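Model, not experiment: these values are computed from the prediction. Hydrogens, waters and symmetry mates play no part in the numbers below; they use all other heavy atoms, side chains included. Read the numbers this way: they start at 1 and go in the same order the structure lists the ligands and their atoms.
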Amino acid sequence: MTHWISTNEIRSRFSALMSDMYQNEVPLYGDLIDLVKDINQSTLEQQPTLHSQLQHTGELPRLSQERHGAIRLGTAAELNNMRRVFAVMGMHPVGYYDLVPSGVPVHSTAFRAIETADLNQCPFRVFTSLLRLELIADEQLRTLAEQALAKRQIFSDKALALTAKFEQNGGLVEADAQDFVQEVLETFRWHTDAPVSKSLYQALHDQHRLIADVVAFKGPHINHLTPRTLDIDAVQHNMLARGIPAKAIVEGPPRRQCPILLRQTSFKALQENVNFADADQLAQGSHTARFGEIEQRGVALTPKGRARYDQLLQQARSLLGRSPDDSNAVEYVRILEQTFQAFPDTYADLQAEGLAYFYYFVNATAASKAAHTWTTADVATLLANGSLSIEPIVYEDFLPVSAAGIFQSNLGEANQTDYASVSNQALFEQSLGAQVHDEMQLYQSLEQQSLAACLAQLNKQ
Ligand code: OOG
Ligand code: NI
């Protein structure tokens, strides 16, 4: 019988290879991993409740290999093939992020595993953006950019052939899986030789550094890899103490007892040498795109919780009166903390008010005998009498305002532009060749499955 290598295994191998490659390319990333590992270990020692929570949800073993990356693509065809390639690794498009309102001419999705068991085996995810060339005002430059993109093939023939083989047969055997991860890794590699002239690079760069970052290179080099920390403030503090130039503002919600959604901070981009392909000579230059980032993940919010989060974040920003940056960091953090006092900060309250998603567990010792048939209507009673307990479902996705802040911190704030455009998920999905999964539906179904299993267990007793 043919032995297929599981998609989880392929993703896991790929994630490890990517991490090794990025450590070679960007040594600071390696330092960051060490730091995050130390701080995660001491956080777990200091917070036994967090330790047991992560044990219950199955996240504990995945922590040390947990990371996300980000890439930026130039054409619909590239995005379409990227979807097929990620599917071989069990990664599917989840969520739609429109960054245009924040002045970044891209829209995006995140490729990731979907089921809890798969996520816990390997939570590797890639934030994937598609450049919206149609938003470049300069028609001549747009044509040049389109021509440059039309000439490149970001996947090797072998990577595409193995992807097709997977689609046809429903799996890859060991030798093919090994070739596949090596071949696909090449797509994400940094190339010092750029296929465009220095003047074209400069013209693209003058439009927006992001446009140059996508169009002027052979492929979508991975621009950061982000480990998950359990205490982002501690890592941030240590980074600054070690002279790693972290940005002053942690994106997302403030520090809380019960972390919600996602908090992120990055350190500045590297300047890298580039050889441009000028007609008669080699022209040297440089490019900054790649950077480091860390993140702390908290509980996934329901649509109601998310609306409250968006509203409070907006409120904090208007109270500050300007965009948060290094110069007003202290004031912003103070305002943010104050504003978010309106958001409940115990898991019990978050559950009771329907603001966040939870896994349910049957508490064996206190389990209520099935005097009558328990239903979802009895959840409050069963929680109150200790028959059921909850643990947070971790947020596996991204936040558009934070993502825009991350883009801007390494692309230069001066580049912000107001694009006249509407959010266009339908266009994105057309380019992708598939619909993106709705992340809220995924969390909701995890919660429902978990509760249904608990009720069935209680009713059997
Ligand atoms: C992606 C920025 C978004 C995050 O963590 O929010 C992102 C990019 O810079 O290409 O990675
Ligand atoms: Ni990121």
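Checking only distances, Asn223 does come within under 3.5 Å of ligand 1, N or O to N or O. Below 3.5 Å of separation, one finds an N or O of His68 facing an N or O of ligand 1. Close N/O approach between His224 and ligand 1 is found [any backbone or side-chain N/O within under 3.5 Å].
Using bins of under 30°, 30° to 60° and over 60° for the plane-to-plane angle, the ring pair Tyr357/Tyr443 lands in the parallel bin. Using the six-membered ring where Trp is involved, Tyr201 and His205 have ring planes that are tilted, between 30° and 60° apart.
Taking 4.0 Å as the cut-off between side-chain N and carboxylate O, Arg322 and Glu331 count as a salt-bridged pair.
Selection from Ala70, Ala404, Ala403 by nearest heavy atom to atom 3 (C) of ligand 1 gives Ala403.
Checking Val184, Thr7, Asn8 one by one against Met89, the side-chain contact (heavy atoms from CB on, under 4.5 Å) holds for a single residue, Val184.
The Glu293 neighbourhood of ligand 1 comprises atoms 4 (C), 5 (O), with distances under 4.0 Å to a heavy atom of that residue.
Nearest to the Ni ion (ligand 2), among the N, O or S atoms that His68 has, is NE2. Looking only at N/O/S atoms, Glu293 comes nearest to the Ni ion (ligand 2) through OE1.
Residues Tyr309 and Phe343 come closest through the heavy atom pair N-CE1, 3.9 Å. In terms of heavy atoms, Ser323 sits closest to Leu320 at C-CD2, 4.2 Å.
Here Glu295 fails the criterion, with no N, O or S atom under 2.8 Å of the Ni ion (ligand 2).
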